[in-house]
Amino acid sequence: MAEPTNKTILLLDIEGSGGRLHVEQAVIRRMLYAVLRETMTAAGVEPTEYRAEDRGDGAFVLIDPSVPKPQLIRALLTTTPMRLYSNNRLAAKGAQVRLRLVLHTGEVALDEYGAVGADIVSAFRLLDSGELHHALKRTSEPSVLCVSDAIYWGVVRHAHHGIRPEHFHPFEGEGKEGPLSGWYHDATRLAGDALPSPSVPAGRAVDTDDGRRAPTREDEHAGGASAAAPRIDTRSGTFFFGAARVEGDAVGGDKYVGFEPGRAVKGGRRTSDGEESR
């Protein structure tokens with residue numbers, strides 16, 4: 001076996017390919033390699049600078065380390081989804097392709113059977129992680145890119161042209177060999193933003209942060225006393241719109257208390273010594 005050398009590792013996997021008909025699998029496989037070739041061309045990678053191994057419903061690609069990684073990332077974020085979208089528009093549902101992508105770097109040894117190395121194993125663990133599967137299901141895009149820690153800290157975080165680190169989100173999972181971590185791309189959120197919470201089923205009451213009961217859908221439709229009343233801060237001078245239920249006095253303007261009965265003041269106000277002022 002030859003001594004290991006550094007390679008850029010790219011993995012592509014088609015979502016939901018196992019349940020398709022043979023003729024559909026043949027079509028999506030051809031589309032996969034067409035997308036791969038166009039992505040490599042857009043990244044400026046010559047055919048002699050990479051080798052691809054078939055994985056049935058995906059591909060395993062080793063790229064020469066001389067190819068700039070920012071070029072690869074830009075192509076994977078732009079050309080790959082653009083080509084997938086264009087093809088999917090014209091394809092039947094069974095022939096549409098959505099991809100999970102992993103980009104990693106590491107030491108790889110080649111022999112007569114192919115490639116071997118711990119970094120290859122790490123890349124495949126990221127590709128098979130539940131977190132990356134969920135990331136693709138959450139997005140409407142036809143592909144989602146995951147980069148390893150090595151790629152993120154060595155390339156992505158430096159914000160090269162066309163690469164926005166704030167659109168990469170860290171995740172942790174469990175692989176066969178133990179914990180694993182990576183960064184998946186989602187341009188609809190900024191790093192640190194919480195994922196959208198699942199909607200609350202109708203009829204289920206929940207508590208708000210301040211301990212008050214939030215209205216259910218039935219409350220909103222029924223209105224009246226069953227709906228939670230909004231909080232009103234009368235000291236802030238804030239205007240609000242919509243219905244409000246106030247327990248106690250609701251005052252717009254000044255309120256005076258403590259005067260003797262029958263001594264109402266008209267057109268003025270009462271001073272501290274009891275006299276009227278205009």
Side-chain angles (χ1 to χ4, degrees), residues 4-15 17 28-85 87 97-110 114-129 131-133 135-136 139 141-158 160 162-163 167-168 171 175 180-186:
T5 59
N6 186 265
K7 300 288 185 182
T8 299
I9 303 166
L10 172 63
L11 305 180
L12 306 90
D13 191 82
I14 301 174
E15 179 186 55
S17 62
I28 64 178
R29 187 182 182 191
R30 287 196 296 270
M31 186 187 298
L32 170 69
Y33 281 97
V35 170
L36 174 60
R37 287 192 297 270
E38 188 165 333
T39 300
M40 292 295 101
T41 299
V45 185
E46 297 293 334
T48 57
E49 293 179 311
Y50 74 95
R51 54 171 286 173
E53 296 183 10
D54 186 67
R55 287 295 184 268
D57 60 352
F60 163 42
V61 186
L62 292 177
I63 305 168
D64 194 288
S66 63
V67 174
K69 293 177 180 64
Q71 291 180 189
L72 281 170
I73 295 174
R74 280 193 294 270
L76 291 167
L77 292 178
T78 55
T79 302
T80 303
M82 179 181 64
R83 178 62 188 268
L84 287 170
Y85 177 77
N87 290 346
V97 172
R98 303 183 79 227
L99 292 177
R100 299 191 316 282
L101 309 167
V102 169
L103 191 65
H104 187 28
T105 183
E107 299 302 304
V108 177
L110 299 174
V116 63
D119 292 312
I120 296 176
V121 174
S122 298
F124 274 100
R125 296 292 181 259
L126 288 174
L127 185 69
D128 294 334
S129 66
E131 289 75 10
L132 191 56
H133 279 269
L136 182 58
T139 182
E141 293 296 315
S143 63
V144 62
L145 171 65
C146 168
V147 299
S148 64
D149 281 339
I151 295 292
Y152 179 84
W153 294 111
V155 183
V156 172
R157 77 179 182 94
H158 296 288
H160 295 278
I163 301 174
H167 288 165
F168 286 81
F171 70 88
L180 55 84
S181 59
W183 303 74
Y184 70 87
H185 182 267
D186 182 355

How many angstroms lie between [atom1] in [X] and [atom2] in [Y], if you round to the nearest 0.5 Å?
X	Y	atom1	atom2	value
F60	L12	CZ	CG	11.5 Å
L127	L11	CG	CG	5.5 Å
L76	T39	CG	OG1	6.0 Å
I73	H160	CD1	NE2	8.0 Å
L180	S148	CG	OG	11.5 Å
L145	L72	CG	CG	10.0 Å

Check R29 with D57, please: is the shortest side-chain N to carboxylate O separation under 4.0 Å?
no
Validation row: [X], [Y] side chains within 4.5 angstrom (heavy atoms):
X	Y	value
L62	V108	yes
L132	V144	yes
I63	K7	no
I14	R98	no
N87	V97	no
T8	L103	yes
I9	V61	no
Y184	F168	no

Side-chain donor-acceptor pair present, T80, S143, cut-off under 3.5 Å
no
Identify the heavy atoms of A123 and V102 that sit nearest to each other, and give their distance.
O-CG1, 3.8 Å
Could you pull out the closest heavy-atom pair between G114 and R51, with the gap in Å?
CA-NH2, 4.2 Å
Side-chain donor-acceptor pairs under 3.5 Å in residues 40-50, sequence neighbours left out?
{"unit_1": "T41", "atom_1": "OG1", "unit_2": "R37", "atom_2": "O", "d": "3.0"}
{"unit_1": "E49", "atom_1": "OE1", "unit_2": "E46", "atom_2": "N", "d": "2.8"}

Counting only heavy atoms not in Y33, do more than 12 sit closer than 6.0 Å to its OH atom?
yes
Tell me whether the rings of W183 and Y152 are parallel (<30°), tilted (30 to 60°) or perpendicular (>60°).
parallel
With a 3.5 Å distance limit and no angle check, can you tell me whether R157 reaches the backbone of W153 through a side-chain donor-acceptor pair?
yes
